[in-house]
Amino acid sequence: MNAPHVARDKAQPVFTEGSLMRHVAVMTATGAVGLMAVFSVDLLSLFWVSRLGDQAYKAAVSYVGLATFFAMSVNIGLTIAASATVSRALGSGDRPRGRRLAASALTITTIISGAVATLMFAYRDWGLTTLLHARGEPLQVASTFLAITIPANVLMAVGMTLAGVLRAVGDARRAMYVTLSGAIVTAILDPALIFGLGLGVYGAAWAAVAARLCWAIVGWNGAVRVHDMVARPRLNAVRGDFGPIMAIGFPAIMANLATPVGSAYAVRVFSDIGEAAIAAGAVIDRVTPVAFGVIFALTGSIGPIIGQNFGANLMGRVKRALTDSFILSIGYVLFAWGVLALAAPWLIRAFDATGESAGYVAFYCQYGVVAWLFLACLFVANTAFNNLGFPVLSMAFNWGRATLGTIPFVTLGAHYGGVRGGLIGIALGCALFGLIAVAAAYAATARLAKAMEAKAARG
């Protein structure tokens with residue numbers, strides 16, 4: 001594991017000094033490049049699938065996207081745990097502990113992601129039919145697509161966790177390379193496999209497998225070969241670190257699972273309305289990550305900033321980082337909303353949305369996007385909870401939004417206003433829980449600051 005060219009000095013805390021807005025902006029910008037490349041390629045994949053001329057394929061892609069979102073939510077929770085524990089260790093100046101935690105986190109990630117992949121593969125048809133009300137050709141296509149891509153979930157999880165370790169040491173550039181490399185592979189292979197080799201919609205599935213392999217390879221190179229931040233895994237260390245890692249990881253996983261659960265309920269409601277609603281959902285589900293990739297990058301990047309300053313007992317900087325993150329996220333959402341509203345006609349033409357499906361896409365771009373003003377704040381608050389030792393709050397807010405903030409709002413909205421009413425219902429539920437989460441994040445930060453001051457006063 002120990003290479004002579006390792007850049008050990010880069011594994012020191014880098015966020016405890018200097019401009020916090022600059023740290024937030026730089027980490028977000030580099031993270032956004034990689035993430036938005038991935039999301040853009042996913043959008044391009046849908047474009048190629050749309051060229052096949054069968055609306056059932058777009059509906060199938062929507063179902064596949066939600067199932068993949070479920071697996072990725074577990075992976076994100078494990079990545080949060082790895083990044084938070086490693087960044088805290090580095091913030092306190094304990095690099096050997098950080099290396100050990102990184103190795104343990106990767107071992108735990110491999111085991112859990114493998115179990116998730118096994119269960120999803122075995123029960124994919126049950127989930128598609130029972131939970132999402134998929135049927136007919138979209139069901140058959142989605143089932144085969146998932147059979148190809150689900151086993152590669154382990155590669156995706158390992159790559160994501162390695163990227164989390166890179167963010168923990170402050171190497172945003174190499175963390176960006178993980179996702180960026182996968183996006184480049186997908187962009188090349190999608191048209192080659194879909195049309196060149198005649199694999200059709202399943203060409204996109206094999207391209208996704210290749211991209212996930214690339215994630216793991218590039219992440220390993222950065223975290224292990226360049227930074228030497230992954231010690232040799234040892235069973236006793238994994239057993240000892242399992243508790244501290246999963247004390248963050250389990251609530252983070254549960255918190256992230258809330259989003260696909262809430263989305264699954266919404267898809268189920270919209271599925272009963274008709275295939276046009278699901279086809280529109282496929283476009284919306286691919287456009288949204290591209291439009292708001294900066295928000296995903298921001299919430300993934302500020303964790304190490306908060307974690308290092310918390311580990312160094314610099315609570316004033318933690319609060320400032322939180323405020324800067326809220327300002328940056330709200331400003332970006334307003335910008336993206338304007339772009340989407342203007343781009344709606346082009347998106348409808350590009351993805352061959354017709355009739356009711358076109359109307360749903362236009363409505364989302366013009367009005368439904370308002371939900372992201374509050375989702376962005378909720379995501380930032382949840383990142384703070386995970387890195388400040390309150391992961392249960394993150395879980396509580398996400399599940400509250402996915403249940404109390406989704407089920408009654410979507411049900412009533414869809415009942416009285418169809419798909420448009422359901423989208424407005426989602427926005428109202430996000431507003432309720434997003435605003436409360438912001439207040440709770442500041443309250444948690446103030447509580448920790450007072451506790452540290454009291455401890456310092458006692459000597």
Practice task
Using the side chain to side chain contact (heavy atoms under 4.5 Å, CB included) rule, take Leu340 and Phe292 through it: C-alpha gap first, then chi angles, then the decisive distance, then the call.
Solution key: CA-CA 10 Å; Leu340 278 177; Phe292 298 105; 4.1 Å; yes

Please tell me if the side chains of [X] and [Y] come closer than 4.5 Å, counting only heavy atoms from C-beta onward.
{"X": "Trp215", "Y": "Val185", "value": "no"}
{"X": "Asn75", "Y": "Val158", "value": "no"}
{"X": "Leu373", "Y": "Trp337", "value": "yes"}
{"X": "Ile330", "Y": "Phe335", "value": "no"}
{"X": "Pro96", "Y": "Asp94", "value": "yes"}
{"X": "Ile76", "Y": "Met72", "value": "yes"}
{"X": "His227", "Y": "Arg174", "value": "yes"}
{"X": "Val178", "Y": "Leu162", "value": "no"}

Exercise for the section: Answer with yes or no whether the side chains of Tyr265 and Thr403 bring together a donor and an acceptor at under 3.5 Å. Expected result: no

Problem - Test side chain to side chain contact (heavy atoms under 4.5 Å, CB included) applied to Ser73 - qualifying residues, sequence neighbours left out - result: Phe69, Asn256, Leu257, Pro260

Exercise for the section: Apply side chain to side chain contact (heavy atoms under 4.5 Å, CB included) to Ser104 and Ile245, showing your working. Expected result: CA-CA 8 Å; Ser104 297; Ile245 290 172; 3.9 Å; yes

Nearest heavy-atom neighbours spanning [X] and [Y]:
{"X": "Ala376", "Y": "Ser329", "result": "CB-CB, 4.0 Å"}
{"X": "Ala427", "Y": "Phe374", "result": "O-CD1, 4.4 Å"}
{"X": "Ala82", "Y": "Ala105", "result": "CB-CB, 3.7 Å"}
{"X": "Ala103", "Y": "Val230", "result": "CA-CG1, 3.8 Å"}
{"X": "Ala211", "Y": "Thr186", "result": "CB-OG1, 3.1 Å"}
{"X": "Ser87", "Y": "Ala168", "result": "N-CB, 3.9 Å"}

Hey, could you give me the [atom1]/[atom2] distance between [X] and [Y], rounded to the nearest 0.5 Å?
{"X": "Leu388", "Y": "Thr383", "atom1": "CG", "atom2": "OG1", "answer": "10.0 Å"}
{"X": "Ser394", "Y": "Phe379", "atom1": "OG", "atom2": "CZ", "answer": "10.0 Å"}
{"X": "Asn221", "Y": "Tyr177", "atom1": "CG", "atom2": "OH", "answer": "11.0 Å"}
{"X": "Cys430", "Y": "Trp372", "atom1": "SG", "atom2": "CH2", "answer": "8.5 Å"}
{"X": "Thr68", "Y": "Met120", "atom1": "OG1", "atom2": "CE", "answer": "6.5 Å"}
{"X": "Phe145", "Y": "Leu128", "atom1": "CZ", "atom2": "CG", "answer": "12.5 Å"}

Whether [X] side chain and [Y] backbone form a donor-acceptor pair below 3.5 Å:
{"X": "Thr130", "Y": "Gly127", "result": "no"}
{"X": "Thr161", "Y": "Ala157", "result": "yes"}
{"X": "Ser113", "Y": "Thr110", "result": "yes"}
{"X": "Arg88", "Y": "Thr85", "result": "no"}
{"X": "Arg99", "Y": "Asp228", "result": "yes"}
{"X": "Thr406", "Y": "Arg401", "result": "yes"}

Practice task
Could you pull out all residues at least two apart from Tyr123 that satisfy ring-ring contact (aromatic ring centres under 6.0 Å, His included)?
Solution key: none

Exercise for the section: Any chance you could lay out the side chain to side chain contact (heavy atoms under 4.5 Å, CB included) test for Met246 and Ile112, step after step, and finish with the verdict? Expected result: CA-CA 11 Å; Met246 292 310 295; Ile112 293 178; 4.0 Å; yes

Handout entry: Pairing of Asp324 and Arg320 as salt bridge, 4.0 angstrom limit
Key = yes

Practice task
For the pair Phe433 and Phe397, name the ring-plane relationship: parallel under 30°, tilted 30 to 60°, perpendicular over 60°.
Solution key: perpendicular

Handout entry: Proximity of Tyr442 and Phe326 rings by center, below 6.0 Å
Key = yes

Problem - CA sep, side-chain torsions, deciding dist, call: Phe310, Arg317, side chain to side chain contact (heavy atoms under 4.5 Å, CB included) - result: CA-CA 9 Å; Phe310 178 50; Arg317 289 179 63 83; over 6 Å; no

Practice task
Using a cut-off of 6.0 Å, state whether more than 12 heavy atoms not belonging to Tyr367 lie near its atom OH.
Solution key: no

